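Here the structure is laid out as structure tokens; the discussion comes afterwards.
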Amino acid sequence: MQTAQSVPVRYGPSSEWAQPTTTIYRSRRQEDSLPKDPRHWSREHVAQWLNEVASTHGLPEVPQTRFLMNGKALCLMSPTMFLSRVPLGGKLLYKDFQLRLCAAMYSVD
């Protein structure tokens with residue numbers, strides 16, 4: 001029997017719940033038109049990333065004014081800073097950004 005703590009939280013359309021998260025993540029990453037390395041993102045890329053993550057995971061729209069920065073500035077943000085800007089979804093944004101950053105830094109595909 002699974003407890004509430006062992007059941008993962010899923011955001012997004014229920015049709016995607018049957019697929020492993022890594023498969024969904026990998027297929028979406030291939031469709032990205034963002035530069036692979038987040039350190040090279042402009043303000044426009046950051047805005048595009050926010051929209052893509054919010055729509056992918058069924059989060060409310062993230063106000064662009066809370067992230068008026070480029071990718072290098074996002075690298076300096078802590079999880080608490082993401083959560084203070086986006087209470088619902090900040091942790092997910094932080095994790096998505098860190099996965100992209102690690103993939104770029106360590107050439108993980």
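Keep in mind that this is a model prediction, so the values were computed, not measured.
In the hydrophobic clustering of ILVMFWY residues, with side-chain heavy atoms under 4.5 Å counting as a link, Leu59 and Val62 come out together. The same ILVMFWY cluster, assembled from side-chain heavy atoms under 4.5 Å apart, contains both Met105 and Trp49. Note on Leu50 and Leu92: same hydrophobic cluster, where clusters join Ile, Leu, Val, Met, Phe, Trp and Tyr whose side-chain heavy atoms are under 4.5 Å apart, directly or indirectly.
Considering only heavy atoms from C-beta on, Phe97 stays 4.5 Å or farther from Val53 through its side chain. In this structure, the side chains of His45 and His40 stay at 4.5 Å or more apart for every pair of heavy atoms. Considering only heavy atoms from C-beta on, Leu34 comes within 4.5 Å of Arg100 through its side chain.
Shortest non-hydrogen contact noted between Pro60 and Ala54 is O-CB, 3.9 Å. Looking at every heavy atom in both residues, Pro87 comes nearest to Arg66 through CD-NH1, 4.3 Å.
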Would you tabulate the side-chain donor-acceptor contacts of residues 67-82 under 3.5 Å, counting partners in other chains and residues two or more places apart, or write 'none'?
{"from": "Asn70", "atom 1": "OD1", "to": "Lys72", "atom 2": "N", "distance (Å)": "3.2"}
{"from": "Asn70", "atom 1": "OD1", "to": "Ala73", "atom 2": "N", "distance (Å)": "3.0"}
{"from": "Ser78", "atom 1": "OG", "to": "Thr80", "atom 2": "N", "distance (Å)": "3.4"}
{"from": "Ser78", "atom 1": "OG", "to": "Met81", "atom 2": "N", "distance (Å)": "3.3"}

Could you go through the side-chain contact (heavy atoms from CB on, under 4.5 Å) check for Val46 and Gln64 one step at a time?
-> CA-CA 9 Å; Val46 171; Gln64 306 298 319; over 6 Å; no
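With sequence neighbours left out, Arg43 forms a side chain to side chain donor-acceptor pair (under 3.5 Å) with no residue at all.
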